[in-house]
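Heads up, the thing below is written out as structure tokens.
Chain A is the first sequence line, chain B the second, and so forth, proteins listed ahead of strands; every chain is numbered from 1. Values below: all heavy atoms of this structure, side chains included; hydrogens, waters and symmetry mates excluded.
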Protein chains: 2
Amino acid sequence: MVTYRSIKAEILDGIIRRRWAPGDLIPNEEDLARDYGCSRSTVNRALQELADLGILERRRKAGTRVAQRTSRGALIQIQIVRNEIEQSGRRYGYVLLERAEAWAGSETAALIDAPRGAALMHLRCLHLADGAPWQIEDRLISLAALPTAREVDFEALSPNEWLVTQVPYSRSEHIFSAEPASAEERERLRLRPDEPVFVIERRTWLAGQALTYVRLSHPGLAYRMISREDDLLAAPEA
Amino acid sequence: MVTYRSIKAEILDGIIRRRWAPGDLIPNEEDLARDYGCSRSTVNRALQELADLGILERRRKAGTRVAQRTSRGALIQIQIVRNEIEQSGRRYGYVLLERAEAWAGSETAALIDAPRGAALMHLRCLHLADGAPWQIEDRLISLAALPTAREVDFEALSPNEWLVTQVPYSRSEHIFSAEPASAEERERLRLRPDEPVFVIERRTWLAGQALTYVRLSHPGLAYRMISREDDLLAAPEA
DNA sequence: AAGTGGTCTAGACCACTTC
DNA sequence: AAGTGGTCTAGACCACTTT
């Protein structure tokens with residue numbers, strides 16, 4: 001039986017084994033359908049999924065070409081801190097360090113992408129793995145967008161967990177960097193002298209309105225962010 | 001006209017505005033098709049794409065549910081270094097520091113995931129932006145998998161560029177970390193005292209065979225890895 | 001003007017999962 | 001056993017792009 005999966009696999013194989021090089025035109029849907037003895041819809045689905053993966057480029061009338069691969073991306077999965085720690089078999093711990101409400105100055109307004117003077121909640125927390133410091137969470141929440149944040153007991157539930165489970169967003173931005181540790185980070189994360197921090201900054205919006213900004217800092221020597229991509233040639237069945 | 005895109009947008013809107021909360025069951029395809037006055041295939045495509053995005057979870061007989069969102073991932077685009085620099089309007093420079101062939105010892109074998117004793121090429125290069133050091137590329141290439149690497153003029157073309165444009169792979173792994181700078185990195189990247197490096201490590205394989213391992217280190221104070229996600233609610237037309 | 005992909009349809013059969 | 005999604009078909013019309 002010719003399935004869209006089998007067509008997808010064959011085309012992929014042809015690309016990887018250089019039957020078609022980047023930039024080459026592959027046959028049109030009608031021809032492929034005849035070759036494979038299936039309907040055009042089936043071919044269409046296979047090619048469309050390869051185009052979604054960035055492996056093919058398709059244009060009406062111009063046909064379907066193998067994309068000039070600049071290197072595929074890496075997909076980073078950012079989980080709820082608690083799950084990330086528990087899934088690696090360690091015990092999760094959490095401490096709220098600070099909770100305050102304030103109006104946005106020009107610096108904080110820029111961080112969270114809210115207007116100056118907007119009402120914000122500022123939270124600082126420490127997440128622990130097996131009792132050892134794992135991550136400092138330094139967060140701003142827009143109270144205009146999320147007034148219910150005022151009623152949440154952040155001593156019991158981390159803002160990270162509350163937001164991820166309760167607050168939908170439609171757009172996000174992530175920035176990753178390596179920074180020298182501040183004196184406070186050195187102390188709270190119990191860093192060695194000279195040990196840097198791995199920093200993740202994230203902003204989220206819902207329908208154009210800023211929701212939150214967070215800076216997550218991890219001990220540089222203990223933290224690695226890993227992304228594994230599935231093998232494109234691996235057959236689902238065998 | 002009811003299109004699969006409009007259905008996708010409506011369902012997404014319903015999820016984001018909490019008409020359905022995470023874990024909730026949404027109507028089955030047949031009912032939705034009747035509601036929208038379209039065929040089941042159209043509904044199917046909409047729901048399937050949302051499932052591919054990780055927003056819905058579907059199981060036969062059990063139906064379609066809103067996924068428990070752990071937070072969507074961040075997609076990192078890793079480009080050819082030269083393009084990355086030139087696209088930001090800076091002048092690109094490149095220097096080959098070292099080129100050698102060797103047999104894999106136990107450490108290098110583990111890095112590249114090749115057997116001990118495998119023939120490897122070792123390359124070290126420096127990439128510059130506007131004359132300032134931007135990245136050290138420290139690379140191992142498996143000569144068993146890529147014997148043609150021996151004939152490439154790496155004085156003229158960086159291994160990064162050669163591999164990305166010429167060598168297909170089917171699986172990859174990325175690791176990002178913050179590390180204290182070594183003495184050599186401090187010198188080559190002209191780092192300030194205490195400035196860490198942002199490190200990207202990447203391995204690639206083709207059909208199970210290891211191709212290459214690379215360690216890319218950037219000045220921590222100058223480098224930021226950024227990932228922006230499209231707004232899910234943004235309408236393609238208006 | 002003509003070629004190619006994009007999408008929809010109405011129906012069919014099947015595969016998987018729960019009841 | 002029955003409900004739900006997964007996939008295929010044959011055909012149709014349309015949208016976009018190039019010639």
Using a heavy-atom cut-off of under 4.0 Å over every strand shown, decide if [X] touches base, sugar-phosphate, or nothing.
X: A:Arg40; result: base
X: A:Ser41; result: base
X: A:Glu30; result: nothing

- Per the 3.5 Å Watson-Crick/G-U criterion and a run length of at least three, the stems involving DNA chain D are C:1-18 with D:1-18
- Note on the structure: So SG of A:Cys125 and CD of A:Gln135: to nearest 0.5 Å the spacing works out to 9.0 Å
- Message: Between A:Trp134 and A:Tyr223 (judged by ring centroids, cut-off 6.0 Å), do the two rings come close enough to count as a pair?
- Response: yes
- Tell me which of B:Asn44 and A:Lys61 sits closer to the 5' end of DNA chain D, going by the nucleotide each one is nearest to. B:Asn44
- Message: Pick the closest DNA chain D nucleotide for A:Val2 and for B:Pro27 by heavy atoms, then say which residue is nearer the 5' end.
- Response: B:Pro27
- Task: Output yes when a side-chain donor or acceptor of B:Ser6 lies under 3.5 Å from a complementary backbone atom of B:Val2, and no otherwise.
- Result: no
- Query: Is the backbone of B:Arg171 close enough, under 3.5 Å, to the side chain of A:Asp231 for a donor and an acceptor to pair up by distance?
  - Reply: no
- Query: A:Glu49 and salt bridge (Lys or Arg N to Asp or Glu O under 4.0 Å): which partner among A:Arg5, A:Arg58, A:Lys8?
  - Reply: A:Lys8
- Can A:Gln48 and B:Arg45 be counted as having a side-chain donor-acceptor contact under 3.5 angstrom? yes
- Any side-chain donor near an acceptor of the partner, A:His127 and A:Glu137, under 3.5 Å: yes
- Task: Sequence neighbours left out, what passes salt bridge (charged side-chain N to carboxylate O under 4.0 Å, His left out) with A:Arg215? Give chain and number order.
- Result: A:Glu179, A:Glu185
- Query: Between which nucleotides of DNA chain D, 5' to 3', does chain A make heavy-atom contacts below 4.0 Å?
  - Reply: D:dT7 to D:dT18
